[in-house]
2 protein chains.
Amino acid sequence: MTEQTAPTTAAGEPATARGEQTRQLILDTAMRLFRERGYAQTTMRAIAQEAGVAVGNAYYYFGSKDHLIQEFYARSQVEHRAAAQPVLDRESDFAARLAGVLHAGIDVLTPSHGFAASFFKTAAEPTSPLSPFSAESSAPRQAAIDLFAEVLDGSTAKVDAELRPQLPELLWLAYMGVILYWVYDRSPGQARTRQLIDGAVPLIDRLVGLSRLRVLRPVTRQVLDLIRTLRH
Amino acid sequence: MTEQTAPTTAAGEPATARGEQTRQLILDTAMRLFRERGYAQTTMRAIAQEAGVAVGNAYYYFGSKDHLIQEFYARSQVEHRAAAQPVLDRESDFAARLAGVLHAGIDVLTPSHGFAASFFKTAAEPTSPLSPFSAESSAPRQAAIDLFAEVLDGSTAKVDAELRPQLPELLWLAYMGVILYWVYDRSPGQARTRQLIDGAVPLIDRLVGLSRLRVLRPVTRQVLDLIRTLRH
DNA sequence: CAGCGAATTTGAACGCGTTCAAGAAGGAGT
DNA sequence: ACTCCTTCTTGAACGCGTTCAAATTCGCTG
């Protein structure tokens, strides 16, 4: 969306093969240490030392420690998309597709649960470019919303005509809710989150079906109006 | 809930009048500076200097900079309760009571919107005692839930018998959602948040009314079952 | 191959939140 | 008045994320 705005070399965008290599080295090292020690316990000095570069060099490629996380976002999104593919190929039932995609998302995140919980605070800051709602995250966000559009499009579900165009974004919002719950989930293996998905999906399925019901038309419209009002 | 567990003087609980005075002085200074400069821009050194004490003294009363925020929570909750009183006295309609209480909450928070947005990240961290879901916050949280119980009890609304006992907590959750939106709200005077409240309240009112409808009974039950499952 | 300029790399230095050993203040008992 | 003990207060010191002027590397041009 904003690819054209910055003709100059942006921070973090290496111009040479050497730079690209260093960048990847730092990134891989950081991800490994984050997983091993957690986010807060991993210092920039440690990342630099393990990667065999100077501290300042890491800052040449990543504006801050937090920016390393944005990379984590992007990677996770790509992995999520890949992990969801089999389900999208196999299933045609809306509920099954949705459940599969949600579970795939959690599958991908599970190895990072420890450090995800601690970096979550950074992502939650509204002013931070790391917020999933921020302009800087719009690319991965749109990719995620597109994934839910696929969930819907490839399904046999009958959806209220007015609701349909808004539904992918609503499903993405629900997914954000699942992640929020997951981050707080202390149950072994985050089993509760799995229960949440398995419990919420039939519910969503049912509500989507009911949206075409005469009694609920006004409610559906009211919801959609509100959403439209609140979007910028 | 945990008053009896710690017979020794907990950090931050002054035992003498002198201590209490110093504590209040530091707290007032901190709140003033937070509002004037924002959270991140207010250093502990600045707080100490303005309050005329040593840095370490602030840490004698408040375990960390973040802990100063927990005090802000407690103060806000008390203010919210007070600001909601007139509405609770005046109105008997459920929707009016709910809207009034939600608006009162935002009224109280409005002067702190600037720094609230920046400290929100801290509150969002699951492992932090500052999280609204944490055990340490259970007292203010329960007080807030009780407020929504009052909203319901004092109203003429007819509510599904199964839903009723769960509803106050659900309303509190909705309030958390409103605050989440408010924190991200960049519109002048956070006007959007007001629209959200005015739009969402009739919707909630309607849904609560519909919960007694035969068609929706299964859905209602499904929702409540899910919630019960997910609560610890 | 010498020289140039952009891209990359360095590490000392800064300001921050936080810690802690040491001391000061205050009150109770003798 | 002296002692003892708890409570409170101090400020230097530590490790962290981050900055930046200077040095280095590297591909290219004449």
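Protein chains get the first letters and strands the later ones, always in sequence-line order, with residue 1 at the start of each.
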For Glu79(A), all residues meeting side-chain contact (heavy atoms from CB on, under 4.5 Å), sequence neighbours excluded: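 side-chain contact (heavy atoms from CB on, under 4.5 Å) list for Glu79(A), sorted by chain: Val108(A).
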Test side-chain contact (heavy atoms from CB on, under 4.5 Å) applied to Ala96(A) - qualifying residues, sequence neighbours left out: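 Residues passing side-chain contact (heavy atoms from CB on, under 4.5 Å) with Ala96(A): Glu91(A), Asp93(A).
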Can you see if the side chain of [X] gets near the phosphate of [N] - specifically, an N or O under 4.0 Å from OP1 or OP2?
X: Thr22(B); N: dT9(D); value: yes
X: Thr43(A); N: dG15(D); value: no
X: Tyr61(A); N: dT9(C); value: yes

Check nucleotides 19-28 of chain D for protein N or O atoms closer than 3.5 Å to its own N or O atoms and list the pairs.
none

Candidate nucleotides dG17(D), dA7(C), dT10(D), ranked by approach to the side chain of Val53(B) - the nearest: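 Looking only at heavy atoms from C-beta outward on Val53(B), the closest nucleotide is dT10(D).
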From dT10(D), dT18(D), dT9(C), nucleotide with atom closest to Tyr60(A) side chain: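 Taking heavy atoms from C-beta onward, the closest nucleotide is dT9(C).
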Euclidean distance, atom OH of residue Tyr39(B) to atom P of dG17(C) [Å, nearest integer]: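 Result: 8 Å.
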Value in whole Å for how far the P atom of dC16(D) lies from CD of Gln49(A):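 After rounding, the gap between these two atoms is 11 Å.
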DNA chain D: 5'-proximal contact among Ala17(B) and Arg45(A) (nearest heavy atom):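 Upstream on the strand: Ala17(B).
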Within residues 28-39 of chain B or reaching into it, pairs that qualify as salt bridge (charged side-chain N to carboxylate O under 4.0 Å, His left out) - sequence neighbours excluded: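 Salt bridge (charged side-chain N to carboxylate O under 4.0 Å, His left out) check on residues 28-39 of chain B returns Asp28(B)-Arg75(B), Arg32(B)-Glu36(B), Arg32(B)-Glu50(B).
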Six-ring centre of Tyr59(A), Lys65(A) cation under 6.0 angstrom, axis tolerance 45°: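 No; the conditions do not both hold, so Lys65(A) does not lie above the ring face of Tyr59(A).
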With sequence neighbours excluded, what pairs up with [X] under the salt bridge (Lys or Arg N to Asp or Glu O under 4.0 Å) test?
X: Asp198(B); answer: none
X: Glu169(B); answer: Arg231(B)
X: Asp146(A); answer: none

Helix axis bend for the helix from dC1(C)-dG30(D) to dT30(C)-dA1(D) - C1'-based end axes, five pairs, 10° rounding: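 About 20° separates the two local helix axes.
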Set of residues satisfying ring-ring contact (aromatic ring centres under 6.0 Å, His included) with respect to Phe148(B), sequence neighbours excluded: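 ring-ring contact (aromatic ring centres under 6.0 Å, His included) check on Phe148(B) returns Tyr175(B).
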